[in-house]
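The block underneath contains the structure these notes are about, expressed in structure tokens.
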Amino acid sequence: MSDELMKNIEMSCAVVMKDLVSYAPNQVVSRTLATTPGVVITLFAFDEGEEISAHTAPGDALVQVLDGRVKINIDGTLLEAGAGESVVMPRDVPHALEALTPFKMLLTVVKKPKTIGAL
């Protein structure tokens, strides 16, 4: 078993993130790059009109838009973001995303470390 923290991405070379995930008609495609107790990093490609319905996450979620445009609803506040822009969705706050055009994002969720009771 490998002890590498990153997966599904070539090591020690320059890559174009948006090229690591492809659009598929009427689908949301994802590629997980890292999963640890504290951080999850995932690439997504959304076809136009595809969405992720309202939900909460156990950590702050950083959306980095790599291509296209997305509408984000954070607890009733609507905003749009395009390639080169980023949005942080706070933990435990309902949020949803809808692709206004085909769009790709790098999503990084940073979770609060779990604490162990005092000894």
Discussion item. List the residues meeting salt bridge (charged side-chain N to carboxylate O under 4.0 Å, His left out) with Glu98, not counting sequence neighbours, and say none if there are none.
Written reply: Lys71

Fill in: By salt bridge (charged side-chain N to carboxylate O under 4.0 Å, His left out) - contacts of Lys7 (at least two apart)
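If we apply the salt bridge (charged side-chain N to carboxylate O under 4.0 Å, His left out) test to Lys7, skipping adjacent residues, there are no hits.
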
Worksheet entry | Trace of the side-chain contact (heavy atoms from CB on, under 4.5 Å) decision for Ser86 with Leu62 | CA-CA 7 Å; Ser86 299; Leu62 171 64; 4.0 Å; yes

Worksheet item: Phe103 and Val65: side-chain contact (heavy atoms from CB on, under 4.5 Å), yes or no, with the steps?
Response: CA-CA 7 Å; Phe103 113 95; Val65 181; 4.0 Å; yes

Fill in: Qualifying salt bridge (Lys or Arg N to Asp or Glu O under 4.0 Å) pairs, either residue in residues 72-96, two or more places apart
Arg69-Glu80

Worksheet item: Which pairs with one or both residues in residues 36-45 pass salt bridge (Lys or Arg N to Asp or Glu O under 4.0 Å), sequence neighbours excluded?
Response: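 Pairs touching residues 36-45 that pass the test: none.
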
Worksheet entry | Residue Leu5 excluded, over 12 heavy atoms near CG under 6.0 Å | no

Same cluster or not: [X] versus [Y], using hydrophobic residues (I, L, V, M, F, W, Y) connected whenever any side-chain heavy atoms lie under 4.5 Å apart?
X      : Y     : value
Ile9   : Leu66 : yes
Leu100 : Leu97 : no
Met6   : Val15 : yes

Item to complete: Check the pair Val93, Thr56 against side-chain contact (heavy atoms from CB on, under 4.5 Å), reporting the backbone distance first and the verdict last.
Response: CA-CA 5 Å; Val93 174; Thr56 60; 5.9 Å; no

Donor-acceptor contacts under 3.5 Å from residues 32-49 side chains, at least two apart:
{"unit_1": "Thr36", "atom_1": "OG1", "unit_2": "Gly38", "atom_2": "N", "d": "3.2"}
{"unit_1": "Thr36", "atom_1": "OG1", "unit_2": "Val39", "atom_2": "N", "d": "3.0"}
{"unit_1": "Thr36", "atom_1": "OG1", "unit_2": "Val39", "atom_2": "O", "d": "3.3"}
{"unit_1": "Asp47", "atom_1": "OD2", "unit_2": "Asn26", "atom_2": "N", "d": "2.7"}

Hey, can you pull the donor-acceptor pairs under 3.5 Å for the side chains in residues 104-113, sequence neighbours left out?
{"unit_1": "Lys104", "atom_1": "NZ", "unit_2": "Lys18", "atom_2": "O", "d": "2.6"}
{"unit_1": "Lys104", "atom_1": "NZ", "unit_2": "Val21", "atom_2": "O", "d": "2.8"}

